[in-house]
Undergrad: 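Mind looking over this structure? Questions follow.
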Amino acid sequence: MQPDPTPQPVDPVAGPAHEPAHDHARELARDIADVPAVEVVTTAAVHLMSAAAVKCGLAEGPDAADHLDLAEARILITALAGLVTTSAPDLGGQHARSLRDGLRSLQLAFREASPVPDPPGKGPGERLTGSVV
């Protein structure tokens, strides 16, 4: 008898059909267990920064302005401010300083992109970081 040539479905979370979900989950947990917390936090922050930059119209290319969405940018920058502000004491000087600098740059870019700038201290994330102007 020939083996069935039909490909077996693969669940992106549970893995191949023949692999029990709990084995795959255990493997993922083991992988993430090896990643230092500082790296997890900084990776999340970099993703927020990148998304906020695009929404502030800072993407490269001729269609950068098409991605401008200040309502979305406000949410992303505020989330980033919360992450940076609360995690900075645990991250160490170099990591925290880089994240604070990136956050401030995004807050200023948001002000520049906004047709009606927020009052000082009312911009995205400024209730957590203080005014950037």
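Nothing here was measured: the structure is a model prediction, and the numbers come from that model.
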Undergrad: Are any of the side-chain nitrogens in Arg104 or Glu126 under 4.0 Å away from the carboxylate oxygens of its partner?
TA: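 The answer is no: the pair does not qualify as a salt bridge.
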Undergrad: Is any side-chain heavy atom of Leu99 closer than 4.5 Å to one of Met49?
TA: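 Touching, per the 4.5 Å side-chain cut-off.
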Undergrad: Which heavy-atom pair separates Pro120 from Ser131 by the least distance, and what is that distance?
TA: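 Scanning both residues completely, I find the closest heavy atoms to be CB-OG, 3.6 Å.
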Undergrad: Assess whether a salt bridge exists between Arg74 and Asp118, defined as any Lys/Arg side-chain N lying under 4.0 Å from an Asp/Glu carboxylate O.
TA: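 Answer for the salt bridge query: yes.
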Undergrad: Taking the side chain from Asp63 and the backbone from Asp66, do they hold a donor-acceptor pair closer than 3.5 Å?
TA: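 No, Asp63 side chain to Asp66 backbone: no donor-acceptor pair under 3.5 Å.
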Undergrad: Is Gln107 reaching over with its side chain to a backbone N or O of Pro124, donor-acceptor style, under 3.5 angstrom?
TA: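 Yes, because the side chain of Gln107 sits within donor-acceptor range (under 3.5 Å) of the backbone of Pro124.
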Undergrad: Got a second to check how far Thr86's OG1 is from Leu128's CG, nearest 0.5 Å?
TA: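 Rounded to the nearest 0.5 Å, the OG1-CG separation comes out at 8.5 Å.
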Undergrad: Minimum heavy-atom separation for Cys56 and Leu70, please, with both atom names.
TA: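 Smallest heavy-atom distance, with atoms named: CA-CD2, 4.5 Å.
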Undergrad: Do you know which two heavy atoms are closest between Arg111 and Gly121, and how far apart they sit?
TA: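 That closest heavy-atom pairing would be NH2-N, 4.0 Å.
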Undergrad: Testing the basics here: between Ile77 and Phe110, what is the closest heavy-atom pair and its distance to 0.1 Å?
TA: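 That closest heavy-atom pairing would be CD1-CB, 3.9 Å.
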Undergrad: Can you measure from CZ (Arg100) to NE2 (His95) and round to the nearest 0.5 angstrom?
TA: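 Going from the CZ atom of Arg100 to the NE2 atom of His95 covers 13.0 Å.
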Undergrad: Which heavy atom in Ala59 sits nearest to a heavy atom in Ala64, and how many Å separate them?
TA: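 Heavy atoms of Ala59 and Ala64 come nearest at O-CB, 2.9 Å.
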Undergrad: Could you measure the distance from the NE2 atom of His47 to the OG1 atom of Thr42? Nearest 0.5 Å is fine.
TA: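 Reported value, rounded in 0.5 Å steps: 9.5 Å.
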Undergrad: Examine Val132 and Ile75 and state if one hydrophobic cluster contains both, with Ile, Leu, Val, Met, Phe, Trp and Tyr joined whenever side-chain heavy atoms are less than 4.5 Å apart.
TA: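 Each belongs to a different hydrophobic cluster.
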Undergrad: Is the shortest heavy-atom distance from the side chain of Glu112 to the side chain of Leu108 under 4.5 Å?
TA: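 No; the side chains remain at least 4.5 Å from each other.
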Undergrad: To the closest 0.5 Å, what do you measure between CG (Leu91) and CZ (Arg97)?
TA: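 The CZ atom of Arg97 is 12.0 Å from CG of Leu91, to the nearest 0.5 Å.
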Undergrad: Of the non-hydrogen atoms in Thr129 and Ala81, which two are nearest, and what is the gap between them?
TA: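 Looking at all heavy atoms of both residues, the shortest contact is CG2-CB, 4.1 Å.
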Undergrad: Measuring from Leu48:CG to Thr43:OG1, what's the distance to the nearest 0.5 Å?
TA: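 Between Leu48 CG and Thr43 OG1, I get 11.0 Å after rounding to 0.5 Å.
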Undergrad: Can you tell me how far apart CG (Leu103) and OG (Ser98) are? Round to the nearest 0.5 Å.
TA: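 Those atoms lie 12.5 Å apart.
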